[in-house]
Number of protein chains: 2
Amino acid sequence: MSSLKHLAQSLGLSITTVSRALDGYSDVAPATRERVRAAAQAIHYQPNSAARSLRRRRADAVAVTLPTEPGRFGPPTFLNMLAACGQRLAEESLDLMLLPTAGRAEEMETYRRLLDGRRADAVIVVRTRLDDERVAFLKERGIPFVTHGRTARPDEHAFIDGDGEAGFRDAARHLASLGHRRIAHIAAPQDLAFAHLRRKGWLAALEEVGFADRPEFTAQPTEAGGYEAARRLMQQSTPPTALLCATDSMAIGALSALKERGLMAGRDIAVIGHDNLPAAAFTDPPLSTMEIAAPDVGRQLAEMLIARLGGRDSRELQTILPVRQVPRTTHGPVN
Amino acid sequence: MSSLKHLAQSLGLSITTVSRALDGYSDVAPATRERVRAAAQAIHYQPNSAARSLRRRRADAVAVTLPTEPGRFGPPTFLNMLAACGQRLAEESLDLMLLPTAGRAEEMETYRRLLDGRRADAVIVVRTRLDDERVAFLKERGIPFVTHGRTARPDEHAFIDGDGEAGFRDAARHLASLGHRRIAHIAAPQDLAFAHLRRKGWLAALEEVGFADRPEFTAQPTEAGGYEAARRLMQQSTPPTALLCATDSMAIGALSALKERGLMAGRDIAVIGHDNLPAAAFTDPPLSTMEIAAPDVGRQLAEMLIARLGGRDSRELQTILPVRQVPRTTHGPVN
DNA sequence: ATAGATTCCCAAAACGTTTTGGAAAGTCAA
DNA sequence: TTGACTTTCCAAAACGTTTTGGGAATCTAT
């Protein structure tokens, strides 16, 4: 059964030598090495991963737990990011494990099982919350990890994030410069770090230009959430003239609500989203939005994880990516 | 280091007894069993997964390879399906590994590494193609697997799929009954099984009612693809009065192209998609579409995988889920 | 009291690698 | 020829489980 043993027997060599030949050690004669390699190739030899992990004391796997609280989904492009990340990890022969969890208790349980059982060497934290118990747990345990999005204490761990705060500040400023005086924010739940920062950027711009009126509504980061929020905001006695939405999904919902009230985005009211989803270019009218100005967040995330596994200090691994405005039609002036 | 050894020492028992106590064997005294369990709980004992896999000769993991050919992405809801699948698998303590691959050569390489190295016990095949070398490989190797979508020979393996053929047949029939005479199909690449079946359903309905005119255009299953296809189809001298789109993403792109030509979907032309994406309810006008009439495809997929791992015959594991029409506004009559 | 069951436990052998600590043979300098 | 190096190989010990095949008490039935 044992493949290495098999190989050794068929070659008349010891297991040790075969192993070392395949790993390219210098204490095996070049001729032998080649002979072993050829034989290994011939029988499609692949070291048994469990045995290797056991001996080398590492799993060669990275885990990402996926909170699937009902009604809350990540952006549709999330899988693409994971895919890019996984591809880079694969180059280091690290596998990506996807661990969906429902509810926080279950999530911590999963973490424990994972880490006490040495099933993964490192962890990716997504849908990061401002105050995130997962981060606390991982720090305490000393497991390498990178968060996608910041926590309230980002200086204490590795993370990668877009500069949503600047993006929303810039967008709100721009709207103000176009003459908007009532710039509303359609917010995502504020325990999520990205949602908090985007709101913060919006708020900063409003304070800056001295608008006391700061209409906002918080909803789930989905089309339905955006629809509901826009409907509510437009019901006010003096409704906003601009809607700055935490995500494109919300903006798409908002567009639909506006249409129902006979308003045309980009003419009667401004709408801006965030993410630049593929669908955003095809809404009616085409959605003005913003996006992280890096084509390969997933890959960079992987890179940081690899660095972390290689012992790099987490304080050197804190990336804030610039956010680029993608103006289309819906941000137009109202007056 | 060895945790089981640690436990044994601290309890004054043998490793064997501790192991068997935790596994609930009957040849350990109830009192001892409880003592061991308490101690294990106290130190958060989790069996080392590599050691366990090595000894039990199974990885307790299921792999899904994710083709990421440029320009082709899965539907945005794909991650949700995987999450649901992973959750069910977790209940059987099976982990889900996500292996993104670019290009088919790399994909087969990944399969080999995975299976020769005994890294996964079973495989999920997604983005199934009509003639799929992955399926051939897995069948030859005798690895349990389930495909998401059928191949050209679906009777020979386990699969789960929606009845896209019936869905598109029904939709086309309905359009014909509304008086449409030129019902076009916006198709996805025909090597993908789902795309082939949907086109087949459309074609069957047209043959049935005797329409000789069968306008169609094939594009990538994205908004951009749908946009391009719609534009092309509408340029014809006598353009179609209905667009049956392989996916909602394509339909969203098509809507945008129609709007540019001043056409209002649901009044001037009919549009129907497939998937019932969250965004489909919020397009303008709201998109008529269809969806798999099961809320838990991911879970069912997991269930089949588990059955397969339990030795169930693959011929008993072939699920075709009915497709339900979701009429909204865009399917309306043109005359 | 004794043979046979039953209950509770354990030593040791796997599983398939990697790595340690040599050993044997060959080379070279004196 | 001898001693010191090199080169090339290998036996054995891990890594932490699970499982096999008992063994020693204790209990039951005669």
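Chain letters run A, B, ... following the sequence lines, proteins first, then strands; residues in each count from 1.
Looking at residues two or more places apart in sequence or on another chain, you find a side chain to side chain contact (heavy atoms under 4.5 Å, CB included) between A/R141 and A/R112, A/D116, A/F137, A/I143. For B/R153, the side chain to side chain contact (heavy atoms under 4.5 Å, CB included) partners are B/T151, B/D155, B/E156, not counting sequence neighbours. When the salt bridge (Lys or Arg N to Asp or Glu O under 4.0 Å) test is applied to B/D27, the partners found at least two apart in sequence or on another chain are B/R20. Applying the salt bridge (Lys or Arg N to Asp or Glu O under 4.0 Å) criterion to A/R134, with sequence neighbours excluded, gives A/E107, A/D132. For B/D60, the salt bridge (Lys or Arg N to Asp or Glu O under 4.0 Å) partners at least two apart in sequence or on another chain are B/R56, B/R58. Legend: residues meeting side chain to side chain contact (heavy atoms under 4.5 Å, CB included) with A/D296, ordered by chain and number and at least two apart, are A/A294, A/R299, A/Q300. The ring-ring contact (aromatic ring centres under 6.0 Å, His included) test applied to B/F145 returns B/H157, not counting sequence neighbours. In this view, B/E92 and B/R88 satisfy the salt bridge (Lys or Arg N to Asp or Glu O under 4.0 Å) rule, not counting sequence neighbours.
Atom CG of A/L54 is separated from atom P of D/dT17 by 9 Å (rounded to the nearest Å). Whole-Å rounding puts the A/I43 CD1 to C/dG16 P distance at 13 Å. For A/N48 and D/dT17, the CG to P distance is 17 Å, given to the nearest whole Å. Rounded to an integer number of Å, the gap from CG of B/L11 to P of C/dC9 is 11 Å. Regarding B/H6, its NE2 atom lies at a distance of 9 Å from the P atom of D/dG16, rounded to whole Å. Rounded to whole Å, the distance from CG on B/L22 to P on D/dT18 is 8 Å. Regarding A/R56, its CZ atom lies at a distance of 17 Å from the P atom of C/dG16, rounded to whole Å. Here C/dG16 presents its C1' atom at 14 Å from CD of A/Q46, a figure rounded to the nearest Å.
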Atom pairs, protein N/O to nucleotides 23-27 of chain C N/O, distance under 3.5 Å:
none

Please tabulate the protein-to-nucleotide N/O contacts below 3.5 Å involving nucleotides 7-14 of chain D, giving atom names and distances.
residue	atom	partner	partner atom	Å
D/dC9	OP1	A/T32	OG1	3.0
D/dC9	OP2	A/A29	N	2.9
D/dC9	OP2	A/T32	OG1	3.0
D/dC9	N4	A/D27	OD2	2.9
D/dC10	OP2	A/S14	N	2.8
D/dC10	OP2	A/S14	OG	3.2
D/dC10	OP2	A/T17	OG1	2.9
D/dA11	N7	A/T16	OG1	3.3
D/dA11	N6	A/T16	OG1	2.7
D/dA12	N6	A/T16	OG1	3.3
D/dA14	N3	A/R55	NH1	3.0

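Note on the helix from C/dA1-D/dT30 to C/dA30-D/dT1: terminal axis deviation equals 50°, with five pairs used at each end and the result rounded to 10°.
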Would you sort out whether B/R150 and B/D161 count as a salt bridge (Lys or Arg N to Asp or Glu O under 4.0 Å), showing the intermediate values?
CA-CA 7 Å; B/R150 278 160 280 178; B/D161 200 0; 2.9 Å; yes

Apply salt bridge (Lys or Arg N to Asp or Glu O under 4.0 Å) to residues A/R104 and A/D131 and explain how you reach the verdict.
CA-CA 13 Å; A/R104 308 206 177 169; A/D131 178 22; over 6 Å; no

Enumerate donor-acceptor pairs with a distance under 3.5 Å from any side-chain N or O in residues 33-51 of chain B to protein atoms, sequence neighbours excluded.
residue	atom	partner	partner atom	Å
B/R33	NH1	B/Y25	O	2.7
B/N48	OD1	B/A50	N	2.9
B/N48	OD1	B/A51	N	2.9

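In terms of phosphate contacts, A/Y45 brings a side-chain nitrogen or oxygen within less than 4.0 Å of OP1 or OP2 of C/dT17. Using a 4.0 Å cut-off, some side-chain N or O of A/Y25 falls inside it from OP1 or OP2 of C/dT19.
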